Trainee: 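I'd like to ask you about the structure that follows.
Since the model is a prediction, treat every value here as computed from it, not as a measurement. In listed order, ligands and their atoms are each counted from 1. Below, each value reflects all heavy atoms present in this structure, side chains not excepted, and no hydrogens, waters or symmetry copies.
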Amino acid sequence: MKWSSFTPANLREKSRQLHRRWLARRYALPVVELADLAPPDTAIAPPILEHICMPPHYYRHDHDDFTPLMKLARARQPKVIVELGTAHGNTTANLCRNCPAARIYTVNAPVEEMTGAITTFGLSREEIGCVYRQHGYAAQVNQIYANTLHLDLAPHLAGQKVDLGIVDACHDTDYVLNDFHKLRPHLAAQGLILLHDTHPSMDDHLLGSYVACLKLRQQGFDVRWLRHTWWAVWQPQWPVPAAPA
Ligand SMILES: C[S@@+](CC[C@H](N)C(=O)[O-])C[C@H]1O[C@@H](n2cnc3c(N)ncnc32)[C@H](O)[C@@H]1O
């Protein structure tokens, strides 16, 4: 290594990398199977594809994040869903289609209020949620235009508990932690929080959320990784596996 590489910035980055490596060894996410959360043979409605931004339909085709989410939602029929990160509203629309009794609160910052690094899209108010509106689901949805850093869900939920929370806004570690902790106090006892773009490879944009999940485990939250997906899952109480006979 050259002496010239010992700059303060390089040393800070090196120490961040070492800390991440330690976190990943000490707090690696245990695996959960879809079958532990919902019957894997749950039938789901045909997907709405406009502006879909989830594998296998978008970005990567080697795994499926869309189907497990919809199976989980369809099987559990949540009454109240909160999604942080609406984008064009594709997931919102598909959730409306699969969970007709659900009320969905979905949050996205208009482009002029955006902060953070891994933000995926910078959208206008007209663009945010356009897919669920075009498909006629606006009456089922409360659109909240806010940066999640400044979000207070309490006045929107007015005492309702959240059955399904989805963290899919800014994927920087501090934002994912913020978003998890904004949702958690409102979660129903049997509710579930899903965190998207979370994978033990920590490749590229998967780094921020996985590190956030490691930190959540360090804080004592039993966050697990849904095998073969880019989802992490947290619920207040995991079922205790049956003892062998
Ligand atoms: C990955 S996309 C969401 C995809 C959407 N959940 C879906 O599956 O159709 C992330 C969205 O979060 C929004 N976003 C990023 N940072 C945000 C923040 N701090 N507060 C609110 N929204 C944010 C972006 O504008 C973008 O539309």
Side-chain angles (χ1 to χ4, degrees), residues 44-45 47-60 63-73 78 81-99 102 104-135 137-138 140-153 156 162 164-183 192-199 204-210 212 226 229-233:
I44 60 169
I48 295 165
L49 293 172
E50 286 133 272
H51 287 293
I52 196 161
C53 55
M54 225 171 253
H57 304 284
Y58 174 77
Y59 189 60
R60 285 275 285 268
H63 73 279
D64 189 346
D65 291 347
F66 177 82
T67 307
L69 169 62
M70 292 304 149
K71 284 189 173 184
L72 220 148
I81 301 176
V82 173
E83 176 191 34
L84 303 182
T86 316
H88 299 89
N90 177 281
T91 290
T92 320
N94 280 297
L95 287 169
C96 288
R97 184 175 265 189
N98 280 287
C99 308
I104 305 185
Y105 297 82
T106 183
V107 182
N108 207 104
V111 62
E112 63 277 10
E113 290 176 31
M114 297 263 297
T115 53
I118 313 170
T119 51
T120 319
F121 304 115
L123 303 176
S124 68
R125 286 172 188 251
E126 291 68 40
E127 290 168 314
I128 294 166
C130 60
V131 176
Y132 73 74
R133 287 194 294 276
Q134 275 157 20
H135 281 264
Y137 293 117
Q140 219 183 314
V141 179
N142 287 43
Q143 181 70 62
I144 302 166
Y145 297 102
N147 185 321
T148 60
L149 287 187
H150 314 301
L151 177 68
D152 179 5
L153 283 168
H156 299 284
V162 176
L164 176 61
I166 301 170
V167 174
D168 192 20
C170 176
H171 296 304
D172 299 6
T173 298
D174 289 348
Y175 284 71
V176 176
L177 288 169
N178 167 81
D179 293 359
F180 177 88
H181 287 300
K182 288 276 165 84
L183 262 171
L192 200 74
I193 295 180
L194 294 170
L195 303 102
H196 198 225
D197 290 309
T198 310
H199 189 270
D204 304 320
H205 78 293
L206 304 170
L207 174 75
S209 185
Y210 193 79
L226 185 59
T229 72
W230 285 354
W231 288 111
V233 186

Trainee: Students should be able to answer this: which protein heavy-atom is nearest to atom 19 (N) of ligand 1, and at what distance?
Mentor: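 Atom 19 (N) of ligand 1 sits closest to the protein heavy atom Asn147 OD1, 3.0 Å.
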
Trainee: In terms of atom number and element, which parts of ligand 1 are under 4.0 angstrom from non-hydrogen atoms of Tyr175?
Mentor: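 Ligand 1 atoms under the 4.0 Å threshold to Tyr175: 19 (N).
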
Trainee: Can you sort out the partners of Asn94 under side chain to side chain contact (heavy atoms under 4.5 Å, CB included), two or more places apart, ordered by chain and number?
Mentor: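 Asn94: side chain to side chain contact (heavy atoms under 4.5 Å, CB included) contacts with Pro47, Ile48, Phe66, Met70, Asn90.
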
Trainee: Atoms of ligand 1 less than 4.0 Å from Met54 heavy atoms?
Mentor: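 The atoms of ligand 1 under 4.0 Å from a heavy atom of Met54 are 8 (O).
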
Trainee: With distance as the sole criterion, is a donor-acceptor pair present between the side chains of Thr148 and Asp179 under 3.5 Å?
Mentor: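 Note: Thr148 and Asp179 side chains meet the donor-acceptor criterion.
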
Trainee: Treating Asp172 as the side-chain partner and Asp174 as the backbone partner, does any N or O pair qualify as donor plus acceptor under 3.5 Å?
Mentor: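 Judged by distance alone, no pair lies under 3.5 Å.
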
Trainee: Between Asp168 and Thr91, does any side-chain donor sit less than 3.5 Å from a side-chain acceptor?
Mentor: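 Side-chain D/A pair, Asp168 to Thr91: absent.
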
Trainee: Test your reading of the model: is there a side-chain donor-acceptor pair from Gln140 to the backbone of Cys99, 3.5 Å cut-off?
Mentor: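 Side chain of Gln140 to backbone of Cys99: a pair is present.
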
Trainee: Looking at ligand 1, does any of its N/O atoms fall within less than 3.5 Å of an N/O of His51?
Mentor: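 No: no nitrogen or oxygen of His51 is under 3.5 Å from one in ligand 1.
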
Trainee: Would you kindly say whether Tyr175 and Thr119 are connected by a side-chain donor-acceptor distance under 3.5 Å?
Mentor: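 No, no side-chain donor-acceptor pair sits under 3.5 Å.
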
Trainee: Check ligand 1 against Met114 and write out every atom of the ligand that is under 4.0 Å from a heavy-atom position of the residue.
Mentor: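 Listed by number with element: 14 (N), 15 (C), 25 (O).
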
Trainee: Within the 4.0 Å heavy-atom shell around Thr86, which atoms of ligand 1 are there?
Mentor: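 Contacts of ligand 1 toward Thr86, numbered from 1: 5 (C), 9 (O).
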
Trainee: Mind checking what makes salt bridge (Lys or Arg N to Asp or Glu O under 4.0 Å) contact with Glu50, not counting sequence neighbours?
Mentor: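 Counting only residues at least two positions away or on another chain, Glu50 forms no salt bridge (Lys or Arg N to Asp or Glu O under 4.0 Å).
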
Trainee: Check the orientation of His171 and His196. Use parallel for under 30°, tilted for 30 to 60°, and perpendicular for over 60°.
Mentor: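 Because their plane-to-plane angle is over 60°, the rings of His171 and His196 count as perpendicular.
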
Trainee: In a check of side-chain contact (heavy atoms from CB on, under 4.5 Å) between Thr92 and each of Thr106, Ile81, Ile166, which one passes?
Mentor: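 Between Thr92 and the candidates, side-chain contact (heavy atoms from CB on, under 4.5 Å) is satisfied uniquely by Thr106.
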
Trainee: Write out the residue and atom name of the closest protein heavy atom to atom 25 (O) of ligand 1, then the distance separating them to 0.1 Å.
Mentor: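 Result: Phe121 O, 2.6 Å.
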
Trainee: Does the residue Ala146 have a heavy-atom contact with ligand 1, meaning some pair of atoms that are separated by less than 4.0 Å?
Mentor: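 Yes, that is the case, since the closest heavy atom of the residue is under 4.0 Å from the ligand.
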
Trainee: Please confirm whether Asp168 comes within less than 3.5 Å of ligand 1 when only nitrogen or oxygen atoms on both sides are compared.
Mentor: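 Among all N and O atoms of Asp168, at least one is under 3.5 Å from an N or O of ligand 1.
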
Trainee: Just to confirm my output: which protein heavy-atom neighbour is closest to atom 8 (O) of ligand 1, and how far is it?
Mentor: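 The closest one turns out to be Thr91 OG1, 2.6 Å.
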
Trainee: So for ligand 1, is Cys53 a polar contact partner (N or O within less than 3.5 Å, distance only)?
Mentor: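 It does not: no N or O of Cys53 is found under 3.5 Å from an N or O of ligand 1.
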
Trainee: Considering only the protein, which heavy-atom contact is closest to atom 12 (O) of ligand 1, and what is its distance?
Mentor: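 For this ligand atom, the closest protein heavy atom is Ala169 CA, 3.4 Å.
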
Trainee: Any nitrogen or oxygen of Gly85 lying under 3.5 Å from a nitrogen or oxygen in ligand 1? Just yes or no.
Mentor: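 Yes.
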
Trainee: Tell me, which protein residue and heavy-atom name are nearest atom 13 (C) of ligand 1, and how many Å apart are they?
Mentor: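 For atom 13 (C) of ligand 1, the nearest protein heavy atom is Asn108 OD1, 3.3 Å.
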
Trainee: Quick check on the 6.0 Å ring-centre criterion: do Trp230 and His205 meet it?
Mentor: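 Yes, ring centres under 6.0 Å apart.
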
Trainee: Among all protein heavy atoms in this structure, tell me which lies nearest to atom 20 (N) of ligand 1, with the distance rounded to 0.1 Å.
Mentor: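 Minimum-distance protein heavy atom for atom 20 (N) of ligand 1 reads Thr148 N, 3.0 Å.
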
Trainee: Would you say ligand 1 has an N or O under 3.5 Å from any N or O of Glu83?
Mentor: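 N/O-N/O distance under 3.5 Å: yes.
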
Trainee: Output yes when the distance from some N or O of ligand 1 to some N or O of Ala109 is under 3.5 Å, and no in every other case.
Mentor: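 In this structure, Ala109 places an N or O atom under 3.5 Å from an N or O of ligand 1.
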
Trainee: Contact between ligand 1 and Ile52 is defined here as a heavy atom of the residue under 4.0 Å from a ligand atom; is it met?
Mentor: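 It does not, in that no heavy atom of Ile52 comes within the 4.0 Å cut-off of ligand 1.
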
Trainee: Are Thr86 and Tyr132 packed together at the side-chain level, in the sense that at least one heavy-atom pair is separated by less than 4.5 angstrom?
Mentor: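 Yes, at least one pair of side-chain atoms sits under 4.5 Å.
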
